[in-house]
Amino acid sequence: MNGPIRKVAVLAAVMIFALLANLTYAAVVRYPDLNGDVRNRRVRDAEFARDRGAILIGNTPLAQSKATNGRFRYQRSYTQPELYASVTGWYSYDFGSSGLELNYTRQLAGTDDSQAIDRLIATLSGRQPKGASITSTIDPRAQQAAFDGLAGRKGAVVALDYETGAVLANVSLPSYDPNLLATNDLSRAKTSWDSLVKDPDGPLKNRASKEIYPPGSVFKLVTASAAIERLNLTPSSKIASRRALALPQSSTVLTNEIDCGNATVSLEQALMNSCNTAFAQLGLDTGDQALRDQAEKFGFNTEVTTDVPWATSRFPDKTDRAQLALSAIGQYDVAASPLQMAMVASAIANDGKLMEPYLVSDVRAPNLQLVSSHHPTAIGQVMKPETAQMMQQMMVRVVEGGTGTRAQVSGLVIGGKTGTAQSDPARPPYAWFVAFSEDPKVAVAVFIEEAGIERSDIAGGRLAGPIAAQVIQALR
């Protein structure tokens with residue numbers, strides 16, 4: 001064989017090897033992505049021809065597939081759609097899926113590896129494989145109370161069982177009807193999608209866990225926890241409290257919405273009255289790194305592995321002294337989801353142990369055999385138990401005689417923290433309230449996107465506090 005022929009042969013061999021390597025890579029590595037690509041109509045046609053499993057609360061279906069005579073064999077149907085849209089999400093031919101429909105799509109479709117034997121048995125017996133059902137942790141009483149409490153206002157409510165991490169309520173308003181997107185009438189689905197996407201109120205936003213906002217004074221719980229751990233404070237410790245605090249290296253002067261004195265107050269009084277200057281100074285005394293470390297223990301700047309739709313809450317990477325003071329009161333570049341702030345209250349109520357939030361308790365095959373179940377998982381110990389108990393004491397005092405008195409419920413011990421955050425002087429502030437109860441063992445975060453003209457923490461207590469109380473009372 002002469003030289004030129006040998007070179008051509010080597011080149012051909014290399015090209016064949018490259019082609020085989022690419023085919024192997026596509027079949028083994030890229031297969032899941034290619035198979036799940038929304039543009040893969042063959043896969044979507046096959047999925048819509050399959051009896052998808054139900055999403056349940058107890059034995060009640062929130063979403064199920066029903067046989068039709070239309071273009072596809074089945075169509076997804078949602079009961080109480082607007083109440084549970086932030087939980088179920090949507091399942092659509094052209095617009096993909098969201099929520100539990102997305103996070104458990106393989107189990108619901110029956111294509112998950114854990115259901116291989118069920119698929120084999122169905123195929124051998126001549127039956128069409130069916131998807132598994134999933135059972136949500138949502139408590140319908142808490143969900144309804146949260147939905148009713150928001151009364152159509154833009155906002156969200158999240159309630160957690162703080163001992164297990166189970167999500168008991170997950171409401172985001174304004175809501176939408178997933179049936180409009182799940183319809184087999186694809187032109188109608190597109191019209192609905194366009195309308196929802198263009199809606200200025202953003203009904204497709206999951207404000208409960210997929211959006212982050214300035215938390216304002218509810219973040220003072222993080223600052224107080226860090227200060228107790230770092231500076232060895234107690235609720236009775238005296239801390240500096242001025243009527244006005246000139247922020248270092250800045251022309252900004254911070255004031256209080258309530259008269260907090262002009263000398264010192266106890267840490268407990270500062271939390272009860274939500275004293276901005278006291279907590280800004282406390283943040284400066286605690287230090288940038290200690291405050292960030294405490295926030296990250298609660299879940300800020302962290303991607304938590306969970307079946308709950310997740311947006312990472314944010315504490316700034318680096319701050320100067322003025323920025324640190326503002327961050328300590330939940331302003332500057334701090335941003336959190338209602339889920340994140342419910343996790344803060346949850347860890348405090350659970351003696352410092354933060355549990356992983358989850359939305360599905362178990363997955364069951366069509367014959368009701370258990371495929372998998374969730375076991376409560378601790379993310380970590382975010383503070384010493386004695387620190388958490390001091391925080392519990394102070395939060396109870398906020399509700400008993402501070403800015404959170406509107407969250408009181410006769411016969412219940414409730415701890416809470418009010419908050420109002422301003423993101424832009426031209427728009428209404430956000431109102432927040434986070435709370436916990438000893439019986440039932442629940443932590444709640446309430447977020448209202450437009451708190452009207454009020455800019456004090458009283459607005460958080462007045463608007464959001466009663467909603468938290470309503471959710472807790474519904475779980476008794």
Side-chain angles (χ1 to χ4, degrees), residues 162 215-229 231-241 256-261 263-283 294 328-330 341-342 344-352 383-420 431-446 456-469 471-473:
Y162 56 73
S217 291
V218 290
F219 188 81
K220 291 172 183 173
L221 297 174
V222 179
T223 303
S225 300
I228 291 173
E229 296 267 285
L231 305 176
N232 297 315
L233 302 182
T234 68
S236 60
S237 295
K238 295 297 183 179
I239 60 175
S241 174
N256 298 312
E257 299 292 344
I258 296 175
D259 186 3
C260 295
T264 62
V265 294
S266 70
L267 179 60
E268 182 174 86
Q269 289 173 318
L271 196 71
M272 287 176 64
N273 295 318
S274 201
C275 301
N276 288 333
T277 61
F279 273 94
Q281 185 62 55
L282 201 59
Q294 186 63 70
I329 61 171
M341 295 316 303
V344 170
S346 174
I348 291 170
N350 199 32
D351 288 343
M383 67 184 82
K384 292 179 287 190
E386 50 268 35
T387 299
Q389 288 157 15
M390 285 187 273
M391 291 297 301
Q392 293 166 19
Q393 171 191 323
M394 293 190 293
M395 289 177 70
V396 169
R397 292 289 294 128
V398 169
V399 174
E400 287 179 345
T403 57
T405 56
R406 292 289 297 273
Q408 293 176 2
V409 175
S410 178
L412 287 182
V413 176
I414 295 176
K417 180 67 190 82
T418 56
T420 303
W432 289 84
F433 192 83
V434 298
F436 73 88
S437 168
E438 295 179 356
D439 182 20
K441 296 183 182 300
V442 60
V444 183
V446 178
S456 71
D457 281 340
I458 298 297
R462 181 180 65 81
L463 295 173
I467 300 174
V471 172
I472 292 171
Q473 197 166 15

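Computed over heavy atoms, backbone and side chain alike; hydrogens, waters and symmetry mates excluded.
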Item to check | Test log, rule side-chain contact (heavy atoms from CB on, under 4.5 Å), inputs Leu267 and Phe279 | outcome: CA-CA 9 Å; Leu267 179 60; Phe279 273 94; 4.3 Å; yes
Checklist entry - Going through the checks in order, is the side-chain contact (heavy atoms from CB on, under 4.5 Å) test met by Glu257 and Ser274? => result CA-CA 8 Å; Glu257 299 292 344; Ser274 201; over 6 Å; no
Checklist entry - Which is it for Ser437 and Gln473 under the side-chain contact (heavy atoms from CB on, under 4.5 Å) test, yes or no, and what are the steps along the way? => result CA-CA 9 Å; Ser437 168; Gln473 197 166 15; over 6 Å; no
Checklist entry - Given the rule in the side chain to side chain donor-acceptor pair (under 3.5 Å) test, do Glu268 and Gln393 qualify, once you have shown the distances and angles that lead to the verdict? => result CA-CA 9 Å; Glu268 182 174 86; Gln393 171 191 323; 3.1 Å; yes
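Taking both residues in full, the closest heavy atoms of Ala278 and Ala270 are given as CB-CB, 4.1 Å, listed atom of the first, atom of the second, then distance. Closest approach of Ala345 and Val434 over heavy atoms only: CB-CB, 4.3 Å. Contact detail for Ala328 and Gly283: the closest heavy-atom pair is CB-CA, 3.7 Å. Taking every heavy atom of both residues into account, Met390 and Ile228 meet most closely at CE-CG2, 3.6 Å. Closest of all the heavy-atom pairs between Leu463 and Ala431 is CD1-CB, 4.3 Å. Closest approach of Gln281 to Ala240, counting heavy atoms only: CG-CB, 4.2 Å.
Taking 4.5 Å as the limit, some side-chain heavy atom of Ile472 sits within range of a side-chain heavy atom of Ile414. Taking 4.5 Å as the limit, every side-chain heavy atom of Gln269 sits out of range of all side-chain heavy atoms of Cys260. Side-chain contact between Thr403 and Val398 is present, with at least one heavy-atom pair separated by less than 4.5 Å. Side-chain atoms of Ile348 and Met383, non-hydrogen and from C-beta on, do get closer than 4.5 Å to each other. Residues Asp351 and Gln392 form a side-chain contact, since some pair of their non-hydrogen atoms from C-beta on lies under 4.5 Å apart. Between Ser217 and Asn276 there is a side-chain heavy-atom pair separated by less than 4.5 Å. At a threshold of 4.5 Å between non-hydrogen side-chain atoms, the residues Phe436 and Val413 do not count as touching. Contact of the Leu221 side chain with the Leu271 side chain is registered, since non-hydrogen atoms from C-beta on lie closer than 4.5 Å.
At distances below 3.5 Å, at least one donor-acceptor pair connects side-chain atoms of Glu229 with backbone N or O atoms of Lys384. A donor-acceptor distance shorter than 3.5 angstrom exists from the side chain of Gln408 to the backbone of Glu400, with no hydrogens or angles considered. The backbone N or O of Gly401 sits nowhere less than 3.5 Å from a side-chain atom of Thr405 that would complete a donor-acceptor pair.
Partner of Ser241 under the side-chain contact (heavy atoms from CB on, under 4.5 Å) criterion, out of Leu282, Val265, Asn273, Thr264: Val265 alone.
Of the inter-residue distances, the one linking Ser237 atom OG with Leu231 atom CG reads 9.0 Å to the nearest 0.5 angstrom. If you take NZ on Lys417 and CZ on Phe219, they are separated by 12.5 Å, rounding to the nearest 0.5 Å.
No donor-acceptor contact under 3.5 angstrom links the side chains of Lys441 and Asn350, judged on distance only.
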